[in-house]
Peer 1: 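Here it is: the structure, laid out below.
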Amino acid sequence: MVYDDVANRKDVSVIMEKRDEILIKDLSVKFGENVVFSDFSLSLPVRKITCILGPSGSGKTTLLKALAGLIPADGFSAPRASFIFQDHRLLPHLTALDNLAVVLDGKREDRRLRAKQMLDDMELSEAADLYPHELSGGMAQRVAIARGLLFDADLLLMDEPFKGLDLALQERLIRYFVKHWEESRRTAVFVTHSILEAILVADKIVVMGKGAHGAEILYEKDFDLPRSARALGVPEVDALRSEIHDLLVSL
Ligand code: ADP
Ligand code: MG
């Protein structure tokens, strides 16, 4: 994978792994004069899904990068992370199937079998033997999501994975993602612009904003309504949705 950035870093940050949480404490990141984080703290529950919402430029991607160890932090050796980036970052010389098989361990035939199964689950059966340049943008994106879900890492970081996909597909993939996640229950941090998406999947919802001195947490909520009970029209869901909506449009 290609890691661009990180320019003009002058940060002292601490990310701690505890039994029940990954604690980000006093995270400071700046790019030149641009202070993105200054003494920023956030707790991420372990083996749960935290969804992060917030306007563009508030530091969501940078936060994921810090968690992945792409921006070094003191006292934190980043766990093996599976990072689903905003762009697909597939290996151009491998077919979709092999882009998945390459992240798996084991015998070649077994890896290809598991990769094939995942492509089928993601409605990508027809893409198996195609190369990235032969895929539509949405298909390449789904292959990248499939790869991220397959890669066996303690921490799953997703940066707006379903952005731009049509609504019906988005909904099916979210349900599939939750089903898949429930089998492994690894710590997941999921950045999205969709309030509904966040409400359907999150154990914890965080809204970040851009303050004068870097990113701020504007809203933080543990949401423990069972996922199977979450749908539009459910009073708790609708109330939460309008609460977060009102907050986001006021920024
Ligand atoms: P978000 O994902 O919430 O849209 P980002 O984390 O991508 O926000 O960016 C936060 C801020 O950091 C923005 O002002 C952006 O311009 C800046 N930034 C991010 N990455 C870099 C970089 N590699 N070099 C310089 N500035 C950066
Ligand atoms: Mg971003």
Side-chain angles (χ1 to χ4, degrees), residues 1-15 22 24-44 49-74 76 78 81-90 137-138 140-142 144-145 147-149 155-165 170 173-174 177 187-199 201-202 204-221 244-245 247-251:
M1 254 174 252
V2 185
Y3 303 130
D4 34 359
D5 33 303
V6 165
N8 300 324
R9 195 172 52 76
K10 248 197 220 145
D11 44 297
V12 185
S13 32
V14 185
I15 303 177
I22 294 175
I24 300 163
K25 206 168 155 16
D26 305 331
L27 177 69
S28 298
V29 179
K30 46 183 171 178
F31 296 104
E33 297 293 294
N34 183 5
V35 177
V36 184
F37 290 100
S38 172
D39 294 333
F40 177 90
S41 298
L42 176 66
S43 163
L44 303 167
I49 303 171
T50 300
C51 285
I52 300 183
L53 294 148
S56 296
S58 54
K60 304 179 299 295
T61 297
T62 304
L63 184 66
L64 293 186
K65 286 180 176 169
L67 284 164
L70 302 180
I71 296 172
D74 284 354
F76 178 65
S82 179
F83 201 146
I84 302 175
F85 290 92
Q86 274 172 294
D87 49 342
H88 64 71
R89 305 194 184 199
L90 297 173
Q141 191 180 349
R142 268 181 291 151
I145 296 168
R147 177 184 59 182
L149 295 181
L155 188 59
L156 178 61
L157 305 171
M158 305 168 80
D159 204 355
E160 302 183 35
F162 305 120
K163 189 179 176 182
L165 299 175
Q170 221 171 56
L173 291 184
I174 288 166
F177 160 69
T187 308
V189 186
F190 186 150
V191 170
T192 176
H193 277 293
S194 161
I195 302 172
L196 187 59
E197 207 170 281
I199 292 177
V201 309
K204 174 171 181 168
I205 298 179
V206 173
V207 178
M208 271 170 54
K210 200 173 171 178
H213 307 286
E216 295 169 344
I217 304 276
L218 301 177
Y219 181 88
E220 217 176 337
K221 185 184 175 73
I244 297 174
H245 176 268
L247 171 62
L248 283 170
V249 297
S250 74
L251 298 180

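Ligands are counted one by one from 1 in listed order, and the atoms in each one are counted from 1 as well.
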Peer 1: Do you see an N/O/S atom of Thr61, backbone or side chain, under 2.8 Å from the Mg ion (ligand 2)?
Peer 2: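 So Thr61 does bind the Mg ion (ligand 2) by this criterion.
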Peer 1: For Arg147 and Arg142, run side chain to side chain contact (heavy atoms under 4.5 Å, CB included): C-alpha distance rounded to whole Å, both residues' side-chain angles, the deciding distance at 0.1 Å, then the answer.
Peer 2: CA-CA 8 Å; Arg147 177 184 59 182; Arg142 268 181 291 151; over 6 Å; no
Peer 1: Using a 4.0 Å cut-off to any heavy atom of Val36, which atoms of ligand 1 qualify?
Peer 2: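 Those of ligand 1 that fall under 4.0 Å from Val36 are 10 (C), 11 (C), 12 (O).
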Peer 1: For the residue pair Glu160 / Thr192, report whether a side-chain donor-acceptor contact shorter than 3.5 Å exists.
Peer 2: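 No, Glu160 and Thr192 have no side-chain donor paired with an acceptor closer than 3.5 Å.
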Peer 1: Let me see the working for Phe40 and Ile217 under side chain to side chain contact (heavy atoms under 4.5 Å, CB included), right down to the final yes or no.
Peer 2: CA-CA 8 Å; Phe40 177 90; Ile217 304 276; 3.5 Å; yes
Peer 1: For the 3.5 Å polar cut-off, considering only N or O atoms, please tell me whether Lys210 and ligand 1 meet it.
Peer 2: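 No - when backbone and side-chain N and O of Lys210 are compared with those of ligand 1, no distance drops under 3.5 Å.
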Peer 1: Does the side chain of Val29 come within less than 4.5 Å of Leu63's, by heavy atoms?
Peer 2: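 Not touching, per the 4.5 Å side-chain cut-off.
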Peer 1: Taking only non-hydrogen atoms of Gly54, do any sit less than 4.0 angstrom from ligand 1?
Peer 2: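 Not so, Gly54 does not reach ligand 1.
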Peer 1: Under 4.0 Å, heavy atoms only, figure out whether ligand 1 is touched by the backbone of Asp159, its side chain, both or neither.
Peer 2: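 Near ligand 1, Asp159 shows nothing, with every heavy atom at 4.0 Å or more.
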Peer 1: With side chains defined as the heavy atoms from C-beta onward, is the minimum distance between Phe177 and Met158 less than 4.5 Å?
Peer 2: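 With C-beta onward as the side chain, the pair touches.
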Peer 1: I want to know if ligand 1 touches Phe31 in the polar sense, i.e. an N/O pair below 3.5 angstrom.
Peer 2: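 Not met; the criterion fails.
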Peer 1: Contact between Gly32 and ligand 1, counting heavy atoms under 4.0 Å?
Peer 2: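 Outside the 4.0 Å threshold, so no.
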Peer 1: Ser56 heavy atoms, cut-off 4.0 Å: which ligand 1 atoms fall inside?
Peer 2: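 Taking each heavy atom of Ser56 in turn, ligand 1 has 4 (O) under 4.0 Å.
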Peer 1: Evaluate the side-chain proximity of Ile205 to Ile195: yes if any heavy-atom separation is below 4.5 Å, no if none is.
Peer 2: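 A side-chain contact is absent here, since even the closest heavy-atom pair is not under 4.5 Å.
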Peer 1: In plain terms, say whether Lys210 and Glu216 are close enough for a salt bridge, that is, a side-chain N and a carboxylate O under 4.0 Å apart.
Peer 2: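 No salt bridge links Lys210 with Glu216.
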Peer 1: Under 4.0 Å from any heavy atom of Pro55, which atoms of ligand 1 are there?
Peer 2: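 What qualifies from ligand 1 is 3 (O).
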